[in-house]
Amino acid sequence: QIINPLYFSGKTSDESAAWQKKMSEKYGVTISVHAPVKDTYSDYLAANLASGQINGLFYASTPADVLQHKEAGTILPVDDYLKNNKTWNSLPEIFRNTYKYDGHIWAIPYSYQYQIPWTRYYRNDWLRKLGITSPPSTVDDFVRTVTAIATQDPDGDGKAETNLGVMGAGPSSWMDLFAAYDAVMGSYGNNFLYDYDIQAYTDAMMKPGAANAFTILRNLFSRGIINSTFMTDTAAQLTERLNNGTVGSAFYIGGKAKYTFGPALYAATVKAKEKRTVDYNTSQQDWINATSVYAEVTVMTGTRTKNLWAVSPVSGAYCLSASTPQPKETVNFFVDMLFGSEENWLTALQGLPETRSKGADGTYVANYKDAKSKTTYGIPALVGSVRGVYEQENYLFFLPDATELTKLRTKEIAAYHQFLRSAEWSKGAYYYLPQQFSGIESKTYKENLAAITEAYRQLWIDAVSNPNTTVDKALEDYKNKMSTLGAQKVLDEANAAIGVKAGALYQ
């Protein structure tokens with residue numbers, strides 16, 4: 001039995017039944033896939049897992065979920081069962097060890113694909129008007145550029161104050177700046193993270209360089225170069241300003257500036273100024289113009305130039321229920337069925353062979369279930385991309401009537417995303433962070449999460465925008481608050497979970 005809330009999501013049950021029937025016939029065993037409602041999936045597991053009502057493999061969304069099941073004793077480690085499995089041993093070691101804790105592997109990754117790194121965006125046309133020939137890649141050049149954007153009227157409306165130099169929407173908007181000063185932050189701007197240099201969990205705000213980054217932000221804030229609502233603006237508000245072109249720089253998900261915000265802004269500009277419609281799939285010049293509105297810079301360097309950005313695989317996992325009657329046979333069959341060959345992987349990803357065909361160019365056609373109504377098949381989505389074996393960019397699916405130009409654009413975007421994932425590896429700017437270290441496991445952290453989060457939020461407000469304090473005083477107050485809230489215990493617990501003992505930070 002396989003339990004996955006994503007299975008044939010949003011599609012009719014007959015497609016799911018057909019897949020189970022044909023796969024069961026193929027292998028001569030009964031294969032059952034159950035897809036509980038995603039919104040209540042955690043409740044479903046809570047109600048059925050501990051009581052032994054679930055057997056086989058079930059989907060867990062995050063490393064924290066896997067650890068929770070491990071600690072509750074409701075799952076089994078899989079490494080001993082799979083030690084002689086040829087399919088398993090042929091998969092990348094990093095993939096296999098994604099959920100390795102306490103010397104055992106506790107789950108099978110759903111996929112293994114590096115996230116697309118975030119990038120720093122700049123309005124290309126504004127840079128040109130300011131005489132800046134290439135997008136800034138250092139902290140000093142960043143400061144000079146966003147200052148010029150905010151003070152020199154690059155949009156030519158005669159009102160320099162209407163141009164926001166750089167916009168932020170919380171700590172995640174400044175991760176590249178802090179990394180440049182050796183204060184590498186955790187996912188989405190978290191203060192706690194697994195530190196690549198010391199191989200232990202730490203607090204980025206306790207790094208000396210955090211004061212340097214805050215000082216720069218404080219200076220920019222005092223001159224109106226960043227948004228006054230930098231801690232309350234949302235990601236939606238940030239994307240709105242990128243779409244309407246009223247901000248010169250922002251830090252956000254890679255690829256979005258080139259293929260989302262840039263085209264949206266270009267289309268609106270052309271409509272307003274030239275009174276014509278932009279069709280990117282028919283006009284090559286429009287396509288070039290639209291995808292060149294924003295420049296994307298992969299990393300910003302300062303006092304630190306190496307290991308600036310942690311790249312983790314993005315993947316849920318399959319856990320083996322402790323109540324499974326034949327755990328060894330079950331998990332070996334499961335791995336072979338999903339990963340045993342390209343065809344097996346495609347069937348688990350896309351569906352039965354009749355749902356697809358391969359074109360001469362190596363891409364795939366997702367066949368219509370009903371050609372007249374152009375109804376597509378649902379896809380099982382039991383697996384995802386596996387870097388080094390089944391690369392996402394190498395398996396592009398198109399509808400039967402997709403034009404060659406549509407295929408060309410899609411391939412271009414896929415290649416660009418691949419570039420962003422790998423562009424800085426050779427320079428040492430990115431480093432690999434195993435997924436199990438992308439979060440923090442601590443009972444104290446969970447108990448005091450609200451208070452810790454508020455202390456972190458207040459640090460940003462005081463350090464950047466409070467005229468009645470200083471950066472150093474704000475950091476000192478933060479350190480004292482965190483000590484009171486048990487932050488040292490948080491780090492001690494997180495490090496103990498991975499067998500590491502690190503020095504005290506808050507004493």
Side-chain angles (χ1 to χ4, degrees), residues 139 142-143 166-195 197-198 200-235 251 300 302-304 439-495 501-507:
V139 171
F142 159 75
V143 172
V166 58
M167 182 174 178
S172 63
S173 296
W174 312 105
M175 289 190 286
D176 58 338
L177 174 62
F178 276 74
Y181 278 115
D182 198 33
V184 180
M185 299 158 72
S187 299
Y188 299 98
N190 199 339
N191 50 336
F192 292 127
L193 78 154
Y194 181 81
D195 190 297
D197 296 328
I198 64 173
Y201 284 97
T202 190
D203 183 343
M205 299 300 104
M206 293 294 96
K207 290 291 188 82
N212 294 9
F214 276 128
T215 298
I216 286 176
L217 289 179
R218 189 178 183 89
N219 181 271
L220 294 175
F221 180 86
S222 69
R223 293 185 290 148
I225 292 167
I226 68 174
N227 49 316
S228 60
T229 49
F230 70 99
M231 280 298 289
T232 56
D233 280 341
T234 64
F251 187 66
M300 183 192 299
T303 57
R304 185 181 179 118
I440 187 167
E441 277 304 307
S442 161
K443 180 181 178 182
T444 303
Y445 185 50
K446 293 175 182 176
E447 292 173 346
N448 296 338
L449 180 59
I452 288 173
T453 301
E454 174 57 26
Y456 186 43
R457 187 189 73 87
Q458 192 61 50
L459 164 64
W460 278 80
I461 293 172
D462 289 342
V464 177
S465 62
N466 187 348
N468 299 315
T469 191
T470 65
V471 169
D472 288 342
K473 182 63 167 60
L475 283 166
E476 181 183 354
D477 290 346
Y478 168 79
K479 181 178 180 180
N480 292 335
K481 287 180 185 176
M482 293 294 280
S483 180
T484 301
L485 292 171
Q488 187 58 55
K489 190 174 181 182
V490 169
L491 294 179
D492 289 344
E493 289 173 353
N495 285 319
K501 186 174 183 180
L505 281 184
Y506 304 98
Q507 296 178 356

What are the two closest non-hydrogen atoms of [X] and [Y], and how far apart are they?
{"X": "Ala204", "Y": "Ala210", "result": "O-CB, 3.9 Å"}
{"X": "Asp233", "Y": "Ala169", "result": "O-CB, 3.3 Å"}
{"X": "Leu505", "Y": "Thr202", "result": "CD1-OG1, 3.3 Å"}
{"X": "Ala474", "Y": "Thr469", "result": "N-OG1, 3.9 Å"}

Would you confirm whether [X], through its side chain, and [Y], through its main-chain N or O, come within 3.5 Å as a donor-acceptor pair?
{"X": "Glu493", "Y": "Glu441", "answer": "no"}
{"X": "Thr470", "Y": "Lys473", "answer": "yes"}
{"X": "Asp477", "Y": "Leu459", "answer": "no"}
{"X": "Thr484", "Y": "Asn480", "answer": "yes"}
{"X": "Ser465", "Y": "Ile461", "answer": "yes"}

State, yes or no, whether a side-chain contact exists between [X] and [Y] at a heavy-atom distance under 4.5 Å.
{"X": "Lys481", "Y": "Gln458", "value": "yes"}
{"X": "Lys479", "Y": "Leu475", "value": "no"}
{"X": "Met205", "Y": "Phe178", "value": "yes"}
{"X": "Phe142", "Y": "Val166", "value": "yes"}
{"X": "Met175", "Y": "Phe251", "value": "yes"}
{"X": "Tyr201", "Y": "Ser442", "value": "no"}
{"X": "Asp203", "Y": "Tyr506", "value": "yes"}
{"X": "Trp174", "Y": "Ile226", "value": "yes"}

I'd like a table of donor-acceptor pairs (distance under 3.5 Å, sequence neighbours excluded) in which one partner is a side-chain atom from residues 179-193, with atom names and distances.
unit_1	atom_1	unit_2	atom_2	d
Asp182	OD1	Arg304	NH1	2.4
Asn190	OD1	Phe192	N	3.2
Asn191	ND2	Tyr478	OH	2.9

Nearest 0.5 Å, please: how far is [atom2] in [Y] from [atom1] in [X]?
{"X": "Leu491", "Y": "Tyr445", "atom1": "CG", "atom2": "OH", "value": "10.5 Å"}
{"X": "Thr444", "Y": "Leu485", "atom1": "OG1", "atom2": "CG", "value": "11.0 Å"}
{"X": "Phe214", "Y": "Asp472", "atom1": "CZ", "atom2": "CG", "value": "11.5 Å"}
{"X": "Arg223", "Y": "Arg218", "atom1": "CZ", "atom2": "CZ", "value": "13.5 Å"}
{"X": "Asn219", "Y": "Ile216", "atom1": "CG", "atom2": "CD1", "value": "8.5 Å"}

- prompt: Does a sphere of radius 6.0 Å around NZ in Lys443 hold more than 12 heavy atoms from other residues, nucleotides or ligands, not counting ones at 6.0 Å or beyond?
  reply: no
side-chain contact (heavy atoms from CB on, under 4.5 Å) between Asp195 and Lys207, worked out: CA-CA 11 Å; Asp195 190 297; Lys207 290 291 188 82; 2.9 Å; yes
task: Before giving the answer on side-chain contact (heavy atoms from CB on, under 4.5 Å), spell out for Asn495 and Lys501 the whole-Å C-alpha distance, their side-chain angles and the decisive distance to 0.1 Å.
output: CA-CA 6 Å; Asn495 285 319; Lys501 186 174 183 180; over 6 Å; no
field: Test ring pair (Phe, Tyr, Trp, His ring centres under 6.0 Å) applied to Trp460 and Phe221, step by step
entry: CA-CA 12 Å; Trp460 278 80; Phe221 180 86; over 10 Å; no
